[in-house]
Amino acid sequence: MVVTWTTDEQREIAIRSAKDQLAFYGSTPAYAPVLDIHGYGDLHADLNRMSKAGQWADMAAIVPDDLVAQLAVLGPRNEIAAKIVARTRGFTESVSLVNNRNPDPELFADIVEGLRS
């Protein structure tokens with residue numbers, strides 16, 4: 001997961017979007033072990049309960065910033081390619097950048113160029 005921005009306003013939106021996605025994942029029993037590994041095993045029960053109560057809009061608020069930082073590559077757009085490389089070094093030589101919420105072939109062009117260089 002990549003969370004990047006250019007402006008402070010975009011930063012808040014990007015982090016909230018990541019928290020929304022992680023809250024959804026975290027509410028699903030299949031993802032409970034991931035939360036457990038990162039020291040947030042108790043979060044699954046709360047997210048799962050909230051999802052069953054239809055509290056989708058409130059779930060992101062209980063996802064800690066630290067968890068987002070552990071699971072996502074975070075940073076300003078002009079630094080994100082280097083951060084992706086640093087995070088994946090030694091694990092893989094390729095990455096896939098997908099944005100299902102805003103499909104735009106030009107969206108990651110500058111980041112891809114940074115990764116290639």
Side-chain angles (χ1 to χ4, degrees):
M1 179 179 285
V2 174
V3 181
T4 191
W5 57 85
T6 303
T7 66
D8 289 340
E9 180 182 62
Q10 289 174 345
R11 179 185 186 279
E12 296 306 315
I13 293 167
I15 290 175
R16 172 58 194 246
S17 180
K19 286 185 173 193
D20 284 340
Q21 191 168 1
L22 290 173
F24 170 75
Y25 290 156
S27 72
T28 307
Y31 286 89
V34 175
L35 294 175
D36 222 12
I37 287 170
H38 291 281
Y40 291 94
D42 294 340
L43 184 60
H44 165 71
D46 293 335
L47 291 170
N48 185 264
R49 177 187 46 74
M50 291 174 77
S51 71
K52 290 177 180 178
Q55 296 176 299
W56 295 100
D58 302 322
M59 291 166 54
I62 69 168
V63 175
D65 291 341
D66 184 56
L67 181 60
V68 177
Q70 286 182 49
L71 297 177
V73 180
L74 296 160
R77 191 167 189 99
N78 64 339
E79 298 174 11
I80 203 68
K83 288 178 179 255
I84 293 168
V85 169
R87 176 73 71 95
T88 60
R89 184 175 285 123
F91 294 104
T92 185
E93 292 182 6
S94 63
V95 296
S96 177
L97 299 172
V98 178
N99 187 350
N100 296 333
R101 297 177 187 206
N102 185 17
D104 177 352
E106 299 299 315
L107 185 65
F108 293 125
D110 58 325
I111 296 171
V112 170
E113 183 60 34
L115 289 169
R116 288 183 174 154
S117 64

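The chain is numbered in sequence order, starting from 1.
Looking at Glu12, its side chain never comes within 3.5 Å of a backbone N or O of Glu9 through a donor-acceptor pair. A donor-acceptor distance shorter than 3.5 angstrom exists from the side chain of Lys19 to the backbone of Val63, with no hydrogens or angles considered. Listed for the Thr28 side chain is no donor-acceptor partner under 3.5 Å among the backbone atoms of Tyr31.
Residue Val73 forms a side-chain contact (heavy atoms from CB on, under 4.5 Å) with just one option from Thr4, Ile84, Thr88, and that option is Ile84.
Both Ile62 and Phe24 belong to a single network of hydrophobic side chains, linked directly or stepwise wherever heavy atoms of I, L, V, M, F, W or Y lie under 4.5 Å apart. Taken together through direct or relayed side-chain contacts under 4.5 Å among Ile, Leu, Val, Met, Phe, Trp and Tyr, Trp5 and Phe108 form parts of separate hydrophobic clusters. No continuous path of ILVMFWY side-chain contacts below 4.5 Å connects Ile111 to Val3, so the two sit in separate hydrophobic clusters. Under the 4.5 Å side-chain heavy-atom criterion for Ile, Leu, Val, Met, Phe, Trp and Tyr, Met1 and Met59 are members of the same hydrophobic cluster. Hydrophobic clustering places Met50 together with Trp56 (ILVMFWY residues linked when any side-chain heavy atoms are closer than 4.5 Å, directly or through intermediates).
One distance of note links CG of Asp20 with OH of Tyr25; it measures 12.0 Å at 0.5 Å rounding. With rounding to the nearest 0.5 Å, the separation of CD in Gln21 from CG in Leu71 is 11.0 Å. A distance of 9.5 Å separates CG in Leu22 from CG in Leu47, rounded to the nearest 0.5 Å. Taking NE2 from His44 and OG from Ser51, the interatomic distance works out to 8.0 Å, rounded to the nearest 0.5 Å. The line from OG of Ser27 to CG of Leu43 is 10.0 Å long, rounded to the nearest 0.5 Å. Taking CG from Asp46 and CG from Asp42, the interatomic distance works out to 7.5 Å, rounded to the nearest 0.5 Å.
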>> Working note: Asp110 + Asn78, criterion side-chain contact (heavy atoms from CB on, under 4.5 Å); need CA distance, chi angles, decisive distance, verdict.
In response: CA-CA 9 Å; Asp110 58 325; Asn78 64 339; over 6 Å; no
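Taking each heavy atom of Ala69 and Arg87 in turn, the nearest pair found is O-NH2, 3.1 Å. Between Tyr40 and Gln70 the shortest heavy-atom distance is CE1-NE2, 3.6 Å. Heavy-atom minimum distance, Ile80 versus Leu74: CD1-C, 3.7 Å.
At least one side-chain heavy atom of Arg49 sits under 4.5 Å from a side-chain heavy atom of Gln55. Thr6 has its side chain out of reach of Pro76: every pair of non-hydrogen atoms, C-beta onward, lies at least 4.5 Å apart.
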